[in-house]
2 protein chains.
Amino acid sequence: MSDPAAVEDRPGAAAGGAGTDGAAPWWQRPDLRHVGGRLHLGSCDLDAAAERLGTPAYVLRAPRVAAKLEALHDALDGAGLAHRVFYAIKANRSPKLLTWLAARGRCGADVCSPEELLLAYSCGFPEEAISFTGTSLSATDIEILARFPGVRVNLDSLSALKRLGAACPGRRIGLRINPDAGIGYGGNDMLQYSGAAATKFGIYLDRLPEAIAIADAHGLVIERIHFHAGCGYLDRELGQLERVLRAAEAFMAQLPDLAQVNIGGGLGVPHRPGDAPLDLGRWAAAVAQVLGLHSVEMAVEPGDFLVKDAGVLLAGVTYAERRKDVDFLGLDAGFNLAMEPAFYDLPCAPVPAVPRDAPETRYTVVGNVNEALDKWAEDHPLPAPEEGDTMVLINAGGYAASMRSDHCLRGDVRELILLE
Amino acid sequence: MSDPAAVEDRPGAAAGGAGTDGAAPWWQRPDLRHVGGRLHLGSCDLDAAAERLGTPAYVLRAPRVAAKLEALHDALDGAGLAHRVFYAIKANRSPKLLTWLAARGRCGADVCSPEELLLAYSCGFPEEAISFTGTSLSATDIEILARFPGVRVNLDSLSALKRLGAACPGRRIGLRINPDAGIGYGGNDMLQYSGAAATKFGIYLDRLPEAIAIADAHGLVIERIHFHAGCGYLDRELGQLERVLRAAEAFMAQLPDLAQVNIGGGLGVPHRPGDAPLDLGRWAAAVAQVLGLHSVEMAVEPGDFLVKDAGVLLAGVTYAERRKDVDFLGLDAGFNLAMEPAFYDLPCAPVPAVPRDAPETRYTVVGNVNEALDKWAEDHPLPAPEEGDTMVLINAGGYAASMRSDHCLRGDVRELILLE
């Protein structure tokens, strides 16, 4: 059912080529490439899809998600780790994708709010396949969790522990801990879940005895710990993974009923020339080096890793025009449809669906929202496109549709799922 | 119909008091203050509103919007400027507010996308009262504009000029120009619409002759220029306003049919202790100093200025808990409901609806979204609240609901409009 070719190394990654010198572009892979001069995602001609659906439109290729998932299972099997995978639906909660994944049965769903829980459940995930790790839970949130005794709830504060304990005495639960260490893509400060300053996530080691006492008082059994090892990390950040896992061992030592260690998400995908895909074998070996020494099941909650490079955003070119000394290229899609480029400096590189045989120009590529932030790329080389051409913004499968806003009422967009 | 008291100076503004020393808090004003220990917006007891509606909930006081609007008219009348006001609906497009404003007839609507145009029209604004200034217009966008011959369309690129000219020959239009100068709240780089580097907005002076030639070729009459003088500016930035207006004069000199100069929005509101409200008399005098010398009507498009401090976001306290050396206070409202604090560093200060008689603690106030960005305030002094208390996030009337995202499915929120 998987598509191993889809996770092959990208030929241009090592060379850092942008495709301007005849080398393959860094993002190219067997299921995302120009065929006969037309960009295809799987077997879908993206310009033809734009013609049919109109722009802007998201396109997500489900078999790519499945292939990444199988590669993750294979790597963890290879490292001898008993494991579970929960897909972090906050990255892309398209009901089409969720139902497709639930039907395959190769992953559970990681949810971070009661509404996400209800969505995952209503898309077919059985409650036992749902892992809940929310924050700042209200009384209403606790009430919804109480309706689902089979959901694997991880609690991130002493307060939530007390309140769930009162509502559901005797329940088997997890603790979201804060190992006080973390790693982020390229050292991006905005992507830190933990680190030097205290963050809002999880229970620190100094409060663990209190957490255990609260659990005991309500008969709660702490069978899991959960933490986030990082955000968007690739091979270059892997060296730090062991440090995070070692920090978690101090918690594990105090929890006699521990059966599962959930290392959260954070597995990254390439965003720029020179980024190589995460080496899953190396990653799994790093995890096994620590967790393999303990008789626990390991769990992981990939989000972006599964979906980000499986999806693109199709946009139409609205104009090309020089202002002062800058060539602007306008699109009919704004930053509100994929906020990570504007807010986290994680680019969605624009690629022409059908590159013209035209001289290359370096463009500032902008959207149709009246904000200065609304910019897709700067100094970005493209063979000069014309009005109406389709541009494909890559890496728009994760944290794009799910964070979408309707700012300036520029949020109307179609979504296409590709099943092959 | 207006409420002059609502635009009185805030007593704490000059002193910079945060209300911790017995002085009035900086945000306090006659229609936003604690009465009998309970925070009121107008006559609405905000804790009682939270009890009825549940949290999170937006509350917007329409008479405050009207009072700001009247103060703007008064200042412009006082400076002898013939003028029109178009409310920038991108700041808050609540259909309740739009219908209320359309019925009053004291302002038009500034819209920045065809969908906003359709919304303003469907809320009762006649097409002649709608000013359209969009960017990166698609063929579909142009088609919608062509349906509304009475809408005042300002075009921001040569390309759009050509395409509207082809669709609507002979139409009276405006040009969005780029005066290549601008001012932002506190010098915030992220709020720059213009400046040293070329921006995507408007036609620069060097391309004006081409724009005029394109207009002539299609019989378009350029009767307006439009530009943005800045973003969120207050008195301290007013000195720069004249520079922007002077820069616009070079465009005016080349446009014989010019009847209106639209200086866009950008009028700010106080965000922090020490920020004083914009002195409208001084502002109008600065505008009159330049535009008063020309026989043109002046137009202005306030957004935040009218609505931001007329609205609040009600949130419930979910927990208070110490992590490492930081006291965290959790709310049931996340940054996805008001993104400006996280993305632009424009705070929505948390104020207890019913402050407890408790020792003051300095909190990091966080929301219920699983992102490190989801933080309302740091080192923020509050009399220790308890779970279930209502916190009021002020300055949530503008660019909060309208930019809202449903990230993590934490976007479900009620909206209350106060009509008195």
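Here is the naming used below: chain letters follow the sequence lines, and residue numbers restart at 1 for every chain. The structure displayed is predicted, hence computed values, not measured ones.
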Should the pair [X]-[Y] be classified as a salt bridge under the 4.0 Å nitrogen-to-oxygen rule?
X	Y	answer
B:Arg322	A:Asp206	no
B:Arg163	A:Glu387	yes
B:Asp180	A:Lys324	yes

From B:Thr135 OG1 over to A:Phe328 CZ, what is the distance, rounded to the nearest 0.5 angstrom?
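Result: 9.5 Å between the selected atoms.
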Heavy-atom distance under 4.5 Å to chain B: side chain of A:Leu119, backbone, both or neither?
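The side chain, not the backbone.
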Heavy-atom distances under 4.5 Å only: say whether A:Asn336 touches chain B with side chain, backbone, both or neither.
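For A:Asn336, no heavy atom lies under 4.5 Å from chain B.
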I'd like to check [X] versus [Y] (side-chain heavy atoms, cut-off strictly below 4.5 Å). Are they in contact?
X	Y	answer
A:Met339	B:Met339	yes
A:Tyr319	B:Leu158	no
A:Arg404	B:His407	no

I'd like to verify something: which residue of [options] has the highest number of heavy-atom pairs under 4.5 Å with chain A?
options	result
B:Ala139, B:Gly202, B:Gly334	B:Gly202
B:Ile89, B:Val366, B:Val326	B:Val366
B:Asp325, B:Thr364, B:Asp141	B:Asp141
B:Thr140, B:Ile142, B:Val369	B:Val369

Which region of [X], side chain (C-beta onward) or backbone (N, CA, C, O), has a non-hydrogen atom less than 4.5 Å from a non-hydrogen atom of chain A, or is it both or neither?
X	value
B:Asp412	neither
B:Arg207	side chain
B:Leu205	neither

Taking side chain to side chain donor-acceptor pair (under 3.5 Å) as the test, write out the residues that go with B:Asp304, two or more places apart.
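Partners of B:Asp304 under the side chain to side chain donor-acceptor pair (under 3.5 Å) test: B:Lys308.
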Identify, with sequence neighbours excluded, every residue that meets side chain to side chain donor-acceptor pair (under 3.5 Å) alongside A:Asp379.
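Once residues adjacent in sequence are excluded, the partners of A:Asp379 under the side chain to side chain donor-acceptor pair (under 3.5 Å) criterion are A:Arg362.
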Which residue out of [options] racks up the most heavy-atom pairs below 4.5 Å with chain B?
options	answer
A:Gly388, A:Gly330, A:Ala320, A:Ser159	A:Ser159
A:Ser138, A:Ala160, A:Gly134, A:Ser157	A:Ser157
A:Ile203, A:Asp156, A:Val317	A:Asp156

Residue pair [X] / [Y]: nearest heavy atoms and the distance that separates them:
X	Y	answer
A:Tyr344	B:Leu373	OH-CD1, 3.1 Å
A:Leu409	B:Arg93	CD2-NE, 3.4 Å
B:Cys112	A:Cys408	SG-SG, 3.3 Å
A:Arg410	B:Leu137	NH2-CD2, 3.8 Å

Any idea how A:Phe343 and B:Phe343 line up, ring-wise: parallel (<30°), tilted (30 to 60°), or perpendicular (>60°)?
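The rings of A:Phe343 and B:Phe343 lie parallel, inter-plane angle below 30°.
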Please name the residue in the list B:Asn368, B:Thr318, B:Asn370, B:Asp332 that meets the side-chain hydrogen bond (donor to acceptor under 3.5 Å, both in side chains) test with A:Ser136.
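With A:Ser136 as partner, B:Asn368, B:Thr318, B:Asn370, B:Asp332 yield a single side-chain hydrogen bond (donor to acceptor under 3.5 Å, both in side chains), made by B:Thr318.
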B:Lys200 side chain to A:Asp374 main-chain N or O, any donor-acceptor pair under 3.5 Å?
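Checking the backbone N and O of A:Asp374 against the side chain of B:Lys200, a donor-acceptor pair under 3.5 Å is found.
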Backbone of B:Tyr204 reached by a side-chain donor or acceptor of A:Arg323 within 3.5 Å
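Checking the backbone N and O of B:Tyr204 against the side chain of A:Arg323, no donor-acceptor pair under 3.5 Å is found.
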Just wondering, are more than 12 heavy atoms of other shown residues or ligands nearer than 6.0 Å to CD in B:Glu51?
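12 or below, so no.
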